[in-house]
Asks: 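Below you will find the structure I want to go over with you.
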Amino acid sequence: MTHVKIAVFPVAGLGTRFLPATKSVPKEMLPLVDRPLIEYAVEEAREAGIEEFLFITSAGKTALEDHFDASPELERRLSNAGKADQLAAIRRSALPAGSHSFIRQDSPRGLGHAVGLARRIVGNRPFAVLLPDDVIRAPQGCLAQMVDAHARTGGHLVAAMEVATADVSSYGILDVASETGRVAHARGLVEKPSPEDAPSRLAVVGRYILDPVVFDRVATQRLGAGGEIQLTDAITADAGNLPVSGFRFEGQRYDCGSVAGFLKANIAFALDRPGLQPELSDALDMIGSLRMRHAA
Ligand code: UTP
């Protein structure tokens, strides 16, 4: 049994990189193959033993609430039409009544601010944070791997992966003191450092298991990079008092917050589907050879 029972999904961001698609459709509802992005994060949380789901939303995100609701009329129609696979798919995407709740962030004041809003529901328990933009394709879900590791490390544990020097300024970067297996013991995190100032190339990816003490930090946190309340700053502020660690997860991470990353994820996940793989492989080959012919 996992000791982490509740997960927070901050989904209040504006999703400007996907405009105009995200003008009226939440980024988290964009389909990765045929399932909305948010479903991948929720399924990963369920696999890790999470039983309570808290979404930090904002105006224009009601489609998310509808998505996790039961849909008796649609279920009845699919059942009458004998569409068993589709029926199973929509039943699988619904969350049990009473297991999930939604809190509104009034304006996008940063990830730290969004997470801070979870305090009243999370209370004094360790909790997971999953950013649905980061989709991780792995034999065992990234959060499940982290829950196992957190049973040993305690404190704050963040998912981490090595990035190129040129890319460190796009991430929170770990200041690593020492490493044990997949766990990097850190002195703290630096949000979006320049390559010259980066303490390492180990970057934070959107999965966290946090000690509730972080709520005290974000409540008093000054504005950080980008004029926002940064979660990484709050985690760093705790580094002298409790363990702060990075976990080198097993798996491939796709940055579905960027258009290119989202398209790459679509191809990778579609190629995993036996029903799509042959047609898609043929199409990719054909596009590749057409491009070569054009370039020649
Ligand atoms: P991003 O930095 O990707 O911002 O947020 P965004 O608004 O979603 O997208 P762009 O950059 O405008 O295209 C990372 C995660 O933090 C959440 C977002 O919803 C996303 O899951 N977030 C960010 C909040 O919930 N509230 C905030 O104030 C900021």
Side-chain angles (χ1 to χ4, degrees), residues 7-30 32 36-45 53-65 67-68 100-119 121-122 127-136 142-143 158-159 161 163 167-173 189-193 203-208 210 214-215 217-219 221-235 253-265:
V8 177
F9 301 84
V11 289
L14 297 174
T16 54
R17 283 171 284 173
F18 282 87
L19 282 170
T22 46
K23 197 173 160 202
S24 58
V25 177
K27 174 172 67 176
E28 300 76 19
M29 290 304 294
L30 297 178
L32 181 44
L37 260 186
I38 187 73
E39 256 196 51
Y40 292 81
V42 167
E43 194 151 302
E44 187 183 318
F53 306 82
L54 171 58
F55 300 87
I56 311 296
T57 69
S58 58
K61 302 265 180 171
T62 46
L64 282 163
E65 299 192 27
H67 183 74
F68 291 110
H100 52 299
S101 43
F102 300 84
I103 289 182
R104 284 272 186 123
Q105 187 185 25
D106 54 0
S107 69
R109 287 191 262 165
L111 181 58
H113 179 256
V115 169
L117 296 174
R119 182 175 208 159
I121 291 185
V122 170
F127 64 105
V129 176
L130 296 96
L131 305 188
D133 287 4
D134 279 330
V135 176
I136 298 167
C142 178
L143 189 65
V158 302
M161 69 174 198
V163 297
D167 295 334
V168 291
S169 56
S170 303
Y171 293 90
I173 298 292
L189 314 173
V190 185
E191 185 63 24
K192 299 186 171 64
V204 179
V205 171
R207 301 287 183 275
Y208 309 75
L210 299 176
V214 78
F215 291 129
R217 295 295 181 186
V218 291
Q221 194 76 42
R222 293 218 191 115
L223 298 184
E228 295 188 339
I229 298 179
Q230 296 290 351
L231 185 59
T232 46
D233 293 345
I235 293 172
R253 172 256 189 181
Y254 293 91
D255 174 13
C256 290
S258 77
V259 175
F262 180 70
L263 294 174
K264 283 187 230 173

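Indexing begins at 1, ligand by ligand and atom by atom, following the structure's order.
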Asks: What is the nearest protein non-hydrogen atom to atom 20 (C) of ligand 1, stated with its residue, atom name and distance?
Replies: P10 O, 3.8 Å
Asks: For ligand 1, indicate whether the residue T16 contacts it via side chain, backbone, both or neither (heavy-atom separation under 4.0 Å).
Replies: both
Asks: Using ring centroids (six-membered ring only for Trp), state whether F68 and F53 fall under 6.0 Å.
Replies: no
Asks: Taking 4.0 Å as the limit for heavy-atom contacts, which would you say applies to A12 with ligand 1: side chain only, backbone only, both, or neither?
Replies: both
Asks: For E65 and H100, which I'm curious about, is there any donor-acceptor pair between the side chains at under 3.5 Å?
Replies: no
Asks: Judged on heavy-atom distance to atom 11 (O) of ligand 1, which of K61, Q230, E228, R17 sits nearest?
Replies: R17
Asks: Is G13 close to ligand 1, meaning an N/O of one under 3.5 Å from an N/O of the other?
Replies: yes
Asks: Any nitrogen or oxygen of S107, side chain or backbone, less than 3.5 Å from one on ligand 1?
Replies: no
Asks: Which of parallel (below 30°), tilted (30 to 60°) and perpendicular (above 60°) describes F102 and F55?
Replies: parallel
Asks: What pair of heavy atoms forms the shortest contact from E28 to P132, and how long is it?
Replies: CG-CG, 4.2 Å
Asks: Could you list the atoms of ligand 1 found under 4.0 angstrom from a heavy atom of R109?
Replies: 28 (O)
Asks: Could an N or O of ligand 1 be found under 3.5 Å from any N or O of L14, whether backbone or side chain?
Replies: yes
Asks: Return the residue, atom name and 0.1 Å-rounded distance of the protein heavy atom closest to atom 16 (O) of ligand 1.
Replies: L111 CD1, 3.7 Å
Asks: If you look at every heavy atom in A203 and V163, which pair is closest and at what distance?
Replies: CB-CG1, 3.7 Å
Asks: I'd like to check whether P132 has a polar contact with ligand 1, where a contact means an N/O of the residue lying under 3.5 Å from an N/O of the ligand.
Replies: no
Asks: Under 4.0 Å, heavy atoms only, figure out whether ligand 1 is touched by the backbone of K27, its side chain, both or neither.
Replies: side chain
Asks: Can you report which non-hydrogen protein atom sits closest to atom 28 (O) of ligand 1, along with the distance?
Replies: G110 N, 2.7 Å
Asks: Going through the checks in order, is the side chain to side chain donor-acceptor pair (under 3.5 Å) test met by E228 and H113?
Replies: CA-CA 8 Å; E228 295 188 339; H113 179 256; over 6 Å; no
Asks: Checking a contact table here: which protein heavy atom is nearest atom 5 (O) of ligand 1, and how many Å away?
Replies: D133 OD2, 4.6 Å
Asks: Roughly how far, to the nearest 0.5 Å, is the NZ atom of K264 from the OG atom of S258?
Replies: 7.0 Å
Asks: Please determine whether a side-chain nitrogen of the Lys or Arg among K27 and D133 lies less than 4.0 Å from a carboxylate oxygen of the Asp or Glu.
Replies: yes
Asks: Short N/O distance, under 3.5 Å, between G15 and ligand 1?
Replies: yes
Asks: Have a look at L117 and tell me which of V218, I103, V8 forms a side chain to side chain contact (heavy atoms under 4.5 Å, CB included) with it.
Replies: I103
Asks: Which ligand 1 atoms, with their elements, are less than 4.0 angstrom from a heavy-atom of A114?
Replies: 24 (C), 25 (O), 26 (N)
Asks: Taking heavy atoms and a distance under 4.0 Å, where does Q105 meet ligand 1: side chain, backbone, both or neither?
Replies: side chain
Asks: With heavy-atom distances below 4.5 Å as the criterion, would you say the side chains of V11 and P26 are in contact?
Replies: no
